[in-house]
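Take a look at the structure set out below.
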Amino acid sequence: MALKFTFILAGTLLTAAFLLPTSAALSGKKGGGLLGGWSPITNTKDRQIISIGKFAVDEYNKETKSKLTFKKVVKGETQVVAGTNYRLVIVAAKDGGYRSGKYLAVVWEKPWENYRNLTSFKKL
């Protein structure tokens, strides 16, 4: 019994030793963060971030038969969870671009499976 407990405890410590440095690296912040926590996006003009923002607007349009036009991402955060969640504040125009508004979109992406899913989209 003591050997089994020691083995399980050692496995837990070993797992913790690997996860802590990984979570710090994935958080994008010096000093680390917890795996699964949200980390700010520092470059909203990054090609990948713009692609995800456009995807969110396109999917929203398909689901609601709306005609929003993507303009830009003004703020965002990422969360690592069996892929990556992107929580983005997007500026999009409606009515042919005359009226713009801000929207909060959440997109879950698993790039190794070529998978993206719009999980939330609402007007701010």
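- Closest non-hydrogen pair, K123 versus G101, comes out as NZ-CA, 3.8 Å.
- Counting heavy atoms of neighbouring residues, nucleotides and ligands inside a 6.0 Å radius, atom NZ of K110 exceeds 12 of them.
- The CD atom of E109 sits 13.0 Å away from atom CG of L118, with the distance rounded to the nearest 0.5 Å.
- The line from CG of L124 to NZ of K102 is 8.0 Å long, rounded to the nearest 0.5 Å.
- Considering CG of N117 and CZ of F55, their distance stands at 6.5 Å, rounded to 0.5 Å.
- W108 CH2 to I52 CD1: the interatomic distance, rounded to the nearest 0.5 Å, is 13.5 Å.
- W112 belongs to no multi-residue hydrophobic cluster, having no ILVMFWY side-chain contact under 4.5 Å with any other such residue.
- Of all non-hydrogen atoms in I49 and N43, the two that sit nearest each other are CG1-O, 3.9 Å.
- Atom OG of S51 sits about 3.5 Å away from atom CZ of R116, to the nearest 0.5 Å.
- The minimum heavy-atom distance between S66 and Y60, with the atom names listed, is OG-CE2, 3.6 Å.
- Considering every non-hydrogen atom in both V57 and A92, the closest pair reads CG2-CB, 4.4 Å.
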*asked:* Between L68 and Y103, does the side-chain contact (heavy atoms from CB on, under 4.5 Å) criterion hold? Intermediate values first, please.
replied: CA-CA 11 Å; L68 291 177; Y103 299 85; 3.5 Å; yes
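- Taking a 6.0 Å sphere around NZ of K45, one finds it holds 12 or fewer heavy atoms contributed by other residues, nucleotides or ligands.
- Applying the side-chain contact (heavy atoms from CB on, under 4.5 Å) test between F70 and each of V91, I50, D58, N61 identifies I50 as the sole match.
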*Apply side-chain contact (heavy atoms from CB on, under 4.5 Å) to the pair V89 and T44, showing each step before the final yes or no.*
CA-CA 10 Å; V89 176; T44 58; over 6 Å; no
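- Taking CG from D46 and CD1 from I41, the interatomic distance works out to 8.5 Å, rounded to the nearest 0.5 Å.
- Closest approach of L104 and R87 over heavy atoms only: CD1-CG, 3.7 Å.
- Scanning both residues, A56 and I90, for their nearest heavy atoms gives CB-CD1, 4.0 Å.
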